[in-house]
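Beneath this line is the structure, given in C-alpha cells, with notes to follow.
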Amino acid sequence: MKEIFPEIPTIQYEGPDTKNPMAFRYYQADRKVGGKTMAEHLRFSMVFWHTMNGGGHDPFGTATAVRPWDSITDPMELARTKTRGIFELTTKLTIPFFCFHDRDVAPDGATLREANRNLDEIVGFMKELMQDYPTRLLWGTAQLFFHPRYMNGAATSPDPAIFAHAAGQVKKAMEVTRELGGLNYVFWGGREGYETMLNTDMGRELDNMGYFLQMARDYGKEIGFEGQLLIEPKPMEPTKHQYDTDTAAIWGFLQEYGLQDDFKLNIETNHATLAGHTIQHELHFARVKGILGSVDANQGDMLLGWDTDQFPTDLYVTSSMMYEILLNGGLHTGGLNFDAKVRRPSWRVEDLAQAHIVGMDAFARGLIAAQAMLEDGELPRFVEERYKGYRSDMGKRIADRSVTLADLEAWALDRTIDRPESGRQEYLESVVNRFL
Ligand code: XUL
Ligand code: CO
C-alpha cells in the first residue's frame, strides 16, 4: 500500500541527547517505571478531528495546512484516505489508540439514515485496517455541535425534534464504538448550555440532559457495550455557559440523575484552565470520588482565555498529572488522548509528527518525575502528617463521626488555640523541583 505520509519515519527512542526531531528523547515504550512499562502507563491516543481534519483555520483565515489529501474532492474517498492516514500515523508514532466523532470520520447526510450509511462504510473500512495495523479505538463519540440544528444544544435543545435526532445519532455512535471494540464512549455536550437566561428554561434542560444520558446508559447495557461511559467537562465555548462545567459540577449531576455508577470523567487540561482550575485539581477531585476515567491531554495559553488546544509540553503540568494518575492506580480503560492541534503557522506534515513526539516525551518525563516523587515519599508523607490530628484524641472522635457540637464546645471552651502548623508551600515547591 502506498504510504500517505512518506516524510514520516517510524519514530524510535534515541535518548535525551539526540538532535533528531523525528525521535523520542524520553519516551521508551518498554522501559519500566515502578513495575509497569511506559506504554502501559501512558496509553497515548491520537484524535481524528484535529490531526486529520484540522487545517489551521481560525475566525480570521482559511486553512494553512498542506496535507496529502488536498487534491481529493470526492467526500467518501477523502474520508477513506484520512482514515488510512490515522492508522498509518499512529503506527509510525507508536501511538496505540485513536478517537473519533461520527461526523469527522464520515460525511454527514441529508437524513440520519444517509449519514448512518456513510458511517457504516467507514467503520467497515476501519475494521479492515485494524487487521493490518495495531491501532485500537480508545473511544468514540457523537458530534452534536457542528450542524445548525444543534445551535441551541442537542439533549438540551428547546426543540424535541432535535433531542430525538441527537438521540438517534448517539444510538448509532454507541453501536459503531462497540463494533470497533472501543474501550470507552465519550459524551461532551458540545453546546449543552445556554447563551442567555432570557430564553432559557434551565431546569427543563438539565432534566432532559439527565434523561438523555439515562437512555444512553440503558442502551449501552442492552447492546452489551462493555466500555466505560465518560463525560467530558468544559465550562464554556462554544456556548457562554455549559452545564458540564467541571468535575465537581458533573459529580453532583451524576448523583441527581442516578448515573454515578455508570459514568466516569474524561478530563481535559485546557477545559480545566477555562474553568479556573488546574488540571491537577480536576484529576485529584475525580480521583478521590472514584470517577477519573480518561484524559484529553493538551494545554492552553495562560494569556488567552479560549480553548487553544495546544500540544502538552509543560513538564511541571505533566508531572502533576502523572502524580495524580499514579495515585489513581493508572488510567485503567482510559488513556492520554492528544486532543490537541498544531498552531496555524505549523503547516507541514512533519509538524504534526513532531507535536505528538514532544507531547509523548513530556508525559514520559512527567511519569518519571512523578514516580520519583512517590518513591521518595516526602510529599505524600507531608500530607499524611498534616492531618495526623485526626488519628488520636478529639480528632479521632471527629474522624469516627462520634461527637456532637456540644461535645466539641465542651472540649474547646477553656483551651487556648493559636494557629495550625505552617503549610510550607514554598518548601514543598522546592521538593517538586528536585524531580524535574
Ligand atoms: C472540545 C473537545 C471535544 C471532545 C470530544 O473542546 O474537547 O473534541 O473531546 O467531543
Ligand atoms: Co476533548
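Given the structure is predicted, the values throughout are model-derived calculations rather than measurements.
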message: Which label fits H356 and F338: parallel for a plane angle under 30°, tilted from 30 to 60°, or perpendicular past 60°?
response: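 Taking F338 first and then H356, their aromatic rings stand perpendicular (interplane angle over 60°).
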Any donor-acceptor N/O pair, [X] side chain to [Y] backbone, under 3.5 Å:
X: N270; Y: T308; result: yes
X: T135; Y: F97; result: no
X: Q371; Y: L367; result: no
X: T196; Y: L198; result: yes
X: T141; Y: V186; result: yes

In terms of side-chain geometry, is the basic nitrogen of [X] or [Y] positioned less than 4.0 Å from the acidic oxygen of its partner?
X: K127; Y: E179; value: yes
X: R67; Y: D70; value: no
X: E3; Y: K92; value: yes
X: E378; Y: R434; value: yes
X: E195; Y: K240; value: no
X: R103; Y: D108; value: yes
X: K172; Y: D120; value: yes
X: E121; Y: R80; value: yes
X: D246; Y: K234; value: no
X: D262; Y: K221; value: yes

Would you say the ring centers of [X] and [Y] fall short of 6.0 Å from each other?
X: F87; Y: F98; result: yes
X: F163; Y: F212; result: yes
X: H101; Y: F48; result: no

Pi-cation contact, Y427 with R424 (under 6.0 Å, within 45°):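 Yes, R424 and Y427 form such a contact.
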query: Cation-pi between R365 and Y26: NZ/CZ under 6.0 Å from ring centre and within 45° of the ring axis?
result: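 Judged by the rule (NZ or CZ under 6.0 Å from the ring centre, within 45° of its axis), R365 counts as positioned above Y26.
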Would [X] and [Y] count as having a side-chain donor-acceptor pair, cut-off 3.5 Å?
X: E268; Y: N298; answer: yes
X: Q280; Y: T278; answer: no
X: T269; Y: Q299; answer: no
X: N337; Y: D296; answer: yes
X: Q228; Y: T333; answer: no
X: E350; Y: Q354; answer: no
X: Y257; Y: D207; answer: yes
X: T239; Y: Q242; answer: yes
X: N184; Y: S294; answer: no

query: So F285 and L292, side-chain contact (heavy atoms from CB on, under 4.5 Å) or not? Walk me through it.
result: CA-CA 8 Å; F285 182 92; L292 171 47; over 6 Å; no
message: What verdict does the side-chain contact (heavy atoms from CB on, under 4.5 Å) test give for L374 and Y323, after you've listed the backbone C-alpha separation in whole Å, the side-chain angles of each residue and the deciding distance to 0.1 Å?
response: CA-CA 8 Å; L374 288 170; Y323 190 81; 3.6 Å; yes
- request: Before giving the answer on side-chain contact (heavy atoms from CB on, under 4.5 Å), spell out for I231 and W188 the whole-Å C-alpha distance, their side-chain angles and the decisive distance to 0.1 Å.
  value: CA-CA 6 Å; I231 301 188; W188 171 59; over 6 Å; no
Inter-residue atom distance [X].[atom1] - [Y].[atom2], 0.5 Å rounding:
X: F263; Y: I291; atom1: CZ; atom2: CD1; value: 12.0 Å
X: I250; Y: E282; atom1: CD1; atom2: CD; value: 8.5 Å
X: Y150; Y: L144; atom1: OH; atom2: CG; value: 5.0 Å
X: L229; Y: N266; atom1: CG; atom2: CG; value: 12.0 Å

- prompt: Does the side chain of L78 reach to within under 4.5 Å of the side chain of K82, using non-hydrogen atoms?
  reply: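 Heavy-atom side-chain distance check passes, below 4.5 Å.
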Full working for side chain to side chain donor-acceptor pair (under 3.5 Å) between Q169 and D102: CA-CA 9 Å; Q169 201 182 320; D102 50 2; 2.9 Å; yes
field: Verdict with supporting geometry, E232 and D244, side-chain contact (heavy atoms from CB on, under 4.5 Å)
entry: CA-CA 7 Å; E232 182 172 324; D244 291 333; over 6 Å; no
